[in-house]
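These notes are about the structure you will find just below.
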Amino acid sequence: MRRKVVAGNWKMHKNYSEAVSLVSDLKNELINENLKCDVIVCPPFTFLEAAHTVVKSSEIQLGAQNMHFEEKGAFTGEVSAEMLKSVGCEYVILGHSERRKIFEESDETINKKVRAALAAGLRPIFCIGETLEEREGGKMFDVLGTQLKEGLKEVDAEGMGKIIVAYEPVWAIGTGKTATPDQAEEAHQFVRKTLGEIFDDGVAEKTVIQYGGSVKPNNAAELLAKENIDGALVGGACLEAESFLEIVRAAP
Ligand code: PGA
C-alpha cells in the first residue's frame, strides 16, 4: 500500500515571523498525533532554515519550491540542490505550472533539474498538468504523456523510486475549480499506466501520485479516497494551519 503524502506549497507568501509561527503551529498540533500520511511543508527559500529548526524534531518534512540545475557557479539569484540539502530540505517541487508558464521552464530544463536534484539526494515533487485549452481540445493525455517522458528522461528506476509525481491540472490551480475525484482519478490512472511503460509496473505501483489544484478541507477526503490519488499538493489552503491540518487529517 502506498502511504499518502500531503505537501503544502506556500508559494510567495508570508514573512519570517509568520512563517515560523505557521510551522510551529503545525508541529505543535501534530506532535502527538499518529499521522496517517506523510506531511511536507515547502516555504520560500528565505524561511527554509528557520522552518528546519522547528520541524527537525517532528515528523514534518521540508521541501523547497524550486532550484537551479547547475551545481554551483555564476548564476546570480539562483539556488542549488546542494544548498537546499544543507539547510535540511528533503524535497523540492519541480516543474510547477507557474514555473513552466511565468518563468518559461521547458520540459528539458525541468528534466535537468530533476536529475540534478536526484544526484544531490533531494526528492523531486515533479509536477505535470494540462491547461483548460488542452483538456478541451482533447490533448490532455498527449500533454501529460509528453511531460512525463521528457521530464523523466534518463531517470532510472532507482531515481524514480525517490520521485513524487504531482498531477496538477492548470485550470484548477488557485481558481477554486477542483477536478472532480473521477476526473483526477482518470488522470492518475493514465500517469500510472505511462510510468509502467517508461519504467515497469512495479515502479508505477510504488510511485506516489499527488493531486493538486484547489484542494480544500471540504474536498480533500473525497479526493484522497480514490485508489490512485496518493496525496495532495496544496497551495492556498496550506497558508493557515487549521485548513492545512484538516486536509492532512482527511487522509484515509
Ligand atoms: P492551489 O495551488 O491549491 O492554490 O490551487 C496548488 C498548487 O499550485 O500547487
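Side-chain atoms are counted along with the backbone in the values below, which use heavy atoms only and exclude waters and symmetry mates.
Panel note: side chain S243, backbone A237; a donor-acceptor pair is recorded below 3.5 Å. The backbone N or O of C127 lies less than 3.5 Å from a partner atom in the side chain of R100, making a donor-acceptor pair.
Evaluation of the ring pair (Phe, Tyr, Trp, His ring centres under 6.0 Å) rule for Y16 yields no partner, not counting sequence neighbours. Considering only residues two or more places apart in sequence or on other chains, K153 meets the side-chain contact (heavy atoms from CB on, under 4.5 Å) condition with N111, E150. Applying the ring pair (Phe, Tyr, Trp, His ring centres under 6.0 Å) test to H68 and every residue at least two apart in sequence or in another chain returns F75. With sequence neighbours excluded, no residue forms a ring pair (Phe, Tyr, Trp, His ring centres under 6.0 Å) with F244. F190 is linked by a ring pair (Phe, Tyr, Trp, His ring centres under 6.0 Å) to F141, counting only residues two or more places apart in sequence or in another chain. Scored by the side-chain contact (heavy atoms from CB on, under 4.5 Å) test, E154 finds R115 as partners (sequence neighbours excluded). Residues meeting the salt bridge (Lys or Arg N to Asp or Glu O under 4.0 Å) test with R99, sequence neighbours left out: E105.
Through ILVMFWY side-chain contacts below 4.5 Å, V170 is grouped with nothing and stands alone. Here I173 is tied to no hydrophobic group at all, with no ILVMFWY side chain closer than 4.5 Å. I164 forms part of a hydrophobic cluster together with V5, I40, Y91, I93, I125, V208, L233, judged by ILVMFWY side-chain heavy-atom separations under 4.5 Å.
Legend: salt bridge (Lys or Arg N to Asp or Glu O under 4.0 Å) pairs involving residues 172-186, not counting sequence neighbours, sorted by first then second residue: D182-K226. Residue pairs meeting the side-chain hydrogen bond (donor to acceptor under 3.5 Å, both in side chains) criterion with at least one member in residues 1-10, sequence neighbours excluded, are R2-E205, R2-D230, R3-D38.
For the pair T131/K101, no side-chain contact is recorded, criterion being any heavy-atom separation below 4.5 Å from C-beta on.
Of the inter-residue distances, the one linking I209 atom CD1 with I163 atom CD1 reads 12.0 Å to the nearest 0.5 angstrom.
Salt-bridge annotation for E29 and R249: present, with a side-chain N of the basic residue lying under 4.0 Å from a carboxylate O of the acidic one.
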